[in-house]
Amino acid sequence: MDRLTAHLNPEQLAAVTLPHEHALILAGAGSGKTRVLTTRIAWLIQNGLVSPAGVLAVTFTNKAAREMLARLSAMMPLNPRGMWIGTFHGLCNRLLRAHHRDAALPQTFQILDSADQLAAIKRLMKSLNIDDQRHPPRQVQQFINGAKEEGLRAKDIEIVDDFNRRHVELYAAYDDQCQREGVVDFAELLLRSHELLERNLPLRQHYQARFSHILIDEFQDTNTLQYKWLKLLAGPRSAVFAVGDDDQSIYRFRGANIGNMAAFEREFGVKNLVKLEQNYRSHGHILDCANTLIRNNTTRLGKELWTEAGEGEPVRIHEALSDTLEAQWLLEEVRGLINEGWARSDIALLYRSNAQSRVLEHALFSAGIPYRVYGGLRFFERAEVKHALAYLRLMENAADDTSFLRVVNFPARGIGARSIEQLQDAARMAGSSLFDATATLSGAAGTKLQAFAQLIARLRQETALLPLPEVVEHVVERSGLIVHYQSEREGQERIENLRELVNAAAAFLAEQGVDTQMPANAGLADDVITMTPLAAFLSHASLEAGDNQALEGTDALQLMTVHSAKGLEFDGVFITGLEEGLFPHENSIQEQDGLEEERRLMYVAITRARKRLYLSLSQTRMLHGQTRYNLRSRFLEELPEEHLKWLTPRAGLARNDWGGAGQGGWGGAGWAGGARGSGYGNTGTERGSGRYIGGGSSGGRALDAPTYTSPADQRAAARFDRGVPWRAGQTVAHARFGEGVILAIEGSGQDARVQINFGRQGVKWLALSVAKLDPVA
DNA sequence: TCGGTTCAGAGTATT
DNA sequence: TCTGAACCGA
């Protein structure tokens, strides 16, 4: 026991050794949150305060669950298998498998991932002849998931207009379809187990009595339904130990409800609130930046990080002229670090949106620096893997129409759209699955469809007695997938992935051990899940999409969005694109609490860095095919000057003497044509929101061409001479709106107007004859 | 049924 | 600008 708690700081120790009561642990970034969670569990068990079976620990990601399990196994000789540690979805799956009858599900129900769900919705809408222009399937999907995450069934939703009536009808029809086909989507896993526990009193009491300690990680990310689920599981004798950080709540767009933290405190009568504020990750300058920034948020529970690590280096800021030059600078800086002996994998390049990675990748690729981009397709999401899984799913559950349609003609068997339509009609008439309806069709189409059904039946028989990896191997071979990809030009990689699927099955079996093969018990058999290894593997494949295929093992630079970086840490971090509109993102500004969430996102980004933090921005950026002039991000202005080190002049380049002499190392780069700087009246080809300037070539050429040689340029120069002393990209000050960047100039003389991006004040058109503008120098 | 063309849209993401 | 999805012709 001493060994467990000896190395904890006073707050950590307090949290770990709390009495058997509800508790809220406010765990700042880098404050040892996972250590507290796992040590709490180990401490409870070692002191005989709970048996492993009495512990329920919930996380959001499989990665977090795995990490918790790994750390626990290192702390305790116990087999942690008896504990319920997993993701919300994983645990719900376990619950529903164990009580599938009570939950009105077939034992072999399949789990739809987001893509499967969308396909199911499209298919449904087609069968109901619903206009998918007026009701885009994605929107319907969002509606359904949103409702489920609020804990609402179709019947619970109030109908306010015809449009929403359609959505509600689709929701009901979708649920019927899923029920018929024996499939559940992600949100359904949660909702269905909630309903199961809500309706079944003995079952609920059983689990409430069993789980005397419920621990939740990343509590600030819980959605409404997850919170309700926890409330239902927590019985009169359960203690809920919720760990979270309101300052790191960045997932509202996916349903996370920060309000759950306050609700938890209130509804559970939480008396134990522990703040973990000592940070073990970052140096002082970095932490002070984070603290100061987040203080600008008004709705906080309140927390201040501190460290014993010392000040470290100041935070470096670099302002580039263009996005490519920003990338160029990053490249040089990274090279420098590598020459100093830094490992590439200790350096992360963060950005707000995925689109920003392209420019960075281009620079890194050209320079031959290995990098790894997070996000993207993951193993179980790859088309060939999903095809193989569809065969396996059909073998488990022939009613799975989504899987049926996916592979009925893949590889091609001469079953065309018309045959499928006939089959769908027949199935609808008979109220049966597509698989069963194959028997009713006659003619050539019927024969082919029946042959497919027989193929599935045959695969099922042939593999009945085989161990899981051989089942997968057999299906991959006999389904014709391998042969198909052999004839495809770029099929080799796909074949390798199919082989890898066999390995994944073997690995899964080895890890899972005997768990899946235990016999069923009567009554409230909650630990014993009667699942074939195949069914368990299919659940696993749906619930854990696997890694993306990035090359593991090589020492590579880490590229990712700020969101993906949450929970990670690096010695060196570059936060790029710190511009108004990008970070904070313009879409978020309209949203309620959107700006505060962006600020939390910035806070998350800053607190990823251990030793060295770089912030970078660019004056122009190519976005949606237009050159865009952005203001510096307000978040930069919110950082304390004494912790910063500007690598470029603080005021940046937005001056009268663009590209002029004496501007340090970047005077000659990119916009070396400063000579024309005295003015270029861009007539601006307005499009959309008008936030962009330049219509491709005219804007672009102006930037590169220093002299007025072309007729167009001469005209532009003439226009300037007639008295429009401004140019696009220039920073100006306005008495009421503050600083802004000129986006476009229209007209001349008395009619001249300028469009200015005033950042938080918005984008405005001002008449030059009226508005009083000053150059910012 | 494939392959080219056209068009819209372009924010963050786990299960 | 660039991408993915939808669509049409052979």
Side-chain angles (χ1 to χ4, degrees), chain A residues 58-65 86-93 111-118 122 132-133 136-138 142 145 148-149 184-190 217-218 221-223 225-226 249-256 323 350-359 362 374-376 378 380-381 409-418 488 539-546 548 560-567 577 581-591 594 597-598 600-602 604-605 621-628 687-689 692 694-697 699-700:
Chain A
V58 200
T59 64
F60 276 86
T61 65
N62 292 297
K63 197 176 155 213
T87 61
F88 277 102
H89 295 86
L91 295 171
C92 286
N93 180 43
I111 300 166
L112 302 183
D113 68 18
S114 309
D116 296 332
Q117 184 189 34
L118 187 62
K122 282 183 181 166
D132 60 2
Q133 299 293 103
R138 280 197 183 280
Q142 276 188 346
N145 290 339
K148 288 189 179 186
E149 281 162 12
V184 299
D185 58 54
F186 287 135
E188 183 72 21
L189 285 170
L190 263 299
D217 191 17
E218 306 280 17
D221 289 341
T222 49
N223 65 32
L225 179 55
Q226 285 159 342
S249 166
I250 56 172
Y251 283 114
R252 211 179 40 139
F253 69 90
R254 121 188 151 183
D323 45 1
L350 307 185
Y351 34 82
R352 171 70 238 272
S353 67
N354 286 306
Q356 288 167 255
S357 78
R358 193 174 302 134
V359 182
H362 181 78
Y374 280 67
R378 296 183 303 176
F380 287 112
E381 293 167 349
N409 196 37
F410 194 95
R413 302 187 173 87
I415 300 173
R418 229 170 302 127
E488 209 176 61
S539 292
H540 167 78
S542 303
L543 289 174
E544 177 156 18
N548 63 17
M560 66 192 84
T561 63
V562 180
H563 281 91
S564 317
K566 183 161 172 248
L582 245 193
F583 199 178
H585 196 278
E586 57 193 348
N587 294 1
S588 72
I589 309 234
Q590 341 289 343
E591 292 163 15
E597 178 133 328
E598 293 286 307
R600 291 193 287 270
L601 197 52
M602 180 67 184
V604 167
R621 190 172 292 279
M622 197 56 123
L623 205 64
H624 307 336
Q626 309 275 314
T627 301
R628 196 169 139 144
R687 279 235 257 136
S689 65
Y692 314 107
S697 65

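Below, chains carry the letters A, B, ... as their sequence lines are ordered, and counting in each starts from 1. Values in this document were obtained by computation on a predicted structure and should not be read as measured data.
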>> Each nucleotide in nucleotides 3-10 of chain C should get exactly one letter: B, S or -. Can you fill that in based on protein heavy atoms under 4.0 Å?
In response: S--S----
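Heavy atoms of A/Asp113 sit nowhere under 4.0 angstrom from any nucleic acid atom. Nucleic acid contact for A/Glu381: none, since no nucleic acid atom lies under 4.0 Å from a heavy atom of the residue. Heavy atoms of A/Asn409 sit under 4.0 angstrom from primed sugar atoms or phosphate atoms, though from no base atom. Within the nucleic acid shown, A/Ser542 has no heavy atom closer than 4.0 Å to any nucleic acid atom. Here A/Phe88 lies out of heavy-atom contact (under 4.0 Å) with every strand. Residue A/Asp185 is classed as having no contact, given no heavy-atom separation below 4.0 Å to the nucleic acid.
OP1 and OP2 of B/dT15 both lie 4.0 Å or more from every side-chain N or O belonging to A/Asn93.
Atom name P, nucleotides C/dG4 and B/dA13: the rounded distance is 16 Å, in whole Å. Taking atom C1' on both nucleotides, B/dT14 is separated from C/dT3 by 24 Å, rounded to a whole Å.
Classified by interplanar angle (parallel below 30°, tilted 30° to 60°, perpendicular above 60°), the ring pair A/His540/A/Phe380 is perpendicular.
Between A/Phe253 and B/dT12, a base-stacking contact is recorded: ring centres under 5.5 Å apart, planes less than 30° from parallel.
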